[in-house]
Amino acid sequence: MSDKTVAICGLARNCAQNLERLIPRIEALGAAFQSYRIIVVENDSTDDTGELVSSWQKENDLVRAIRFCYLSADHFSDGQTAVNEGRAWFGEDRIRRIANARNLYLEELAPETLPDYVLVIDLDIRSFSLPGIEHGFGLSDEWDIIT
């Protein structure tokens with residue numbers, strides 16, 4: 001991992017409590033690589049997730065926060081990007097919304113040189129095993145994708 005680059009990407013909605021605990025772990029994971037960047041797409045949180053992601057971006061130049069809005073205003077006082085789709089929260093539309101949010105972080109990767117790895121993390125989990133991820137990367141000749 002120390003000679004590879006990574007983009008750590010994730011979607012965040014109403015996960016402030018867990019995300020606050022994850023931020024140091026995500027940064028430690030990134031630091032295990034030669035270089036890293038973090039792209040977080042936050043959408044319509046009703047807790048402090050949006051503010052937390054915005055603060056993280058201000059504190060770490062390697063973090064890019066994107067606000068993806070279905071139900072709220074399409075502008076923010078903190079200058080973050082906002083995309084307003086005006087859709088419902090269920091069924092096929094929910095799948096479409098998640099896919100559109102995912103595409104936002106993929107588009108963010110496109111203008112720059114692609115990293116060696118793109119790691120997608122579920123940002124509403126409580127924790128993850130850094131040694132477990134490092135072990136998986138130690139076996140990278142044996143896989144094309146790990147889930």
Side-chain angles (χ1 to χ4, degrees), residues 1-85 89 94-147:
M1 292 168 48
S2 64
D3 64 342
K4 301 293 183 186
T5 61
V6 69
I8 302 171
C9 304
L11 307 179
R13 180 170 186 268
N14 291 337
C15 62
Q17 184 177 5
N18 289 338
L19 184 57
E20 196 167 23
R21 288 190 295 253
L22 280 179
I23 287 173
R25 297 188 65 77
I26 293 169
E27 290 179 343
L29 174 60
F33 288 85
Q34 179 182 23
S35 67
Y36 73 96
R37 58 191 151 150
I38 299 167
I39 305 167
V40 178
V41 179
E42 185 276 329
N43 61 281
D44 286 308
S45 295
T46 57
D47 66 359
D48 293 331
T49 301
E51 292 77 16
L52 181 61
V53 171
S54 178
S55 294
W56 189 14
Q57 176 178 256
K58 290 175 185 171
E59 294 168 8
N60 184 336
D61 292 338
L62 301 175
V63 175
R64 170 75 167 104
I66 302 169
R67 303 284 299 265
F68 181 56
C69 306
Y70 267 68
L71 302 176
S72 59
D74 60 358
H75 64 280
F76 296 91
S77 60
D78 58 13
Q80 291 186 48
T81 303
V83 178
N84 192 332
E85 294 286 331
W89 288 99
R94 180 175 186 274
I95 294 167
R96 192 175 304 108
R97 174 181 53 85
I98 292 170
N100 288 339
R102 179 216 50 221
N103 290 342
L104 289 173
Y105 68 67
L106 293 176
E107 289 170 12
E108 188 71 23
L109 292 172
E112 300 178 31
T113 304
L114 288 175
D116 296 309
Y117 297 103
V118 175
L119 193 153
V120 179
I121 188 164
D122 187 348
L123 296 174
D124 65 357
I125 60 173
R126 291 180 186 241
S127 188
F128 59 87
S129 170
L130 186 55
I133 292 172
E134 290 172 337
H135 176 76
F137 276 96
L139 304 172
S140 64
D141 291 343
E142 300 176 23
W143 55 263
D144 293 318
I145 188 170
I146 295 177
T147 62

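- Distance check: Leu22 CG to Asp122 CG gives 9.0 Å after rounding to the nearest 0.5 Å.
- Side-chain N or O atoms of Ser55 include one that pairs as donor or acceptor with a backbone N or O of Glu51 at under 3.5 Å.
- A pairwise comparison of heavy atoms in Ser127 and Arg25 identifies OG-NE, 3.3 Å as the closest pair.
- The two residues Gly132 and Ser129 have their closest heavy-atom pair at N-OG, 2.9 Å.
- Taking all atoms of both residues into account, the shortest heavy-atom contact from Ala16 to Thr49 is N-OG1, 3.0 Å.
- Rounding to the nearest 0.5 Å places CG of Leu139 at 12.5 Å from CD of Glu134.
- Put simply, OG on Ser54 and CD on Glu59 are 9.5 Å apart, with the number rounded to the nearest 0.5 Å.
- At a threshold of 4.5 Å between non-hydrogen side-chain atoms, the residues Leu109 and Arg37 count as touching.
- Inter-residue side-chain proximity for Leu119 and Leu29 is flagged as met; some heavy-atom pair is nearer than 4.5 Å.
- You'll find the side chain of Ile8 reaches within 4.5 Å of the side chain of Ile38, heavy atoms only.
- No side-chain heavy atom of Gln17 sits less than 4.5 Å from a side-chain heavy atom of Leu52.
- Once rounded to the nearest 0.5 Å, the distance linking CG of Leu123 with CG of Asn14 reads 13.0 Å.
- The CD1 atom of Ile125 sits 10.5 Å away from the CZ atom of Arg21 when rounded to the nearest 0.5 Å.
- Closest approach of Asn60 to Glu27, counting heavy atoms only: ND2-OE2, 2.9 Å.
- Val41 and Ala101 get closest at one heavy-atom pair: CG2-O, 3.6 Å.
- The stretch residues 121-144 participates, sequence neighbours left out, in these ring-ring contact (aromatic ring centres under 6.0 Å, His included) pairs: Phe33-Phe137, Tyr117-Phe137, Tyr117-Trp143, Phe137-Trp143.
- Distance check: Glu42 CD to Asp44 CG gives 7.0 Å after rounding to the nearest 0.5 Å.
- In the model, Asp116 has a side-chain atom that pairs as donor or acceptor with a side-chain atom of Thr5 under 3.5 Å.
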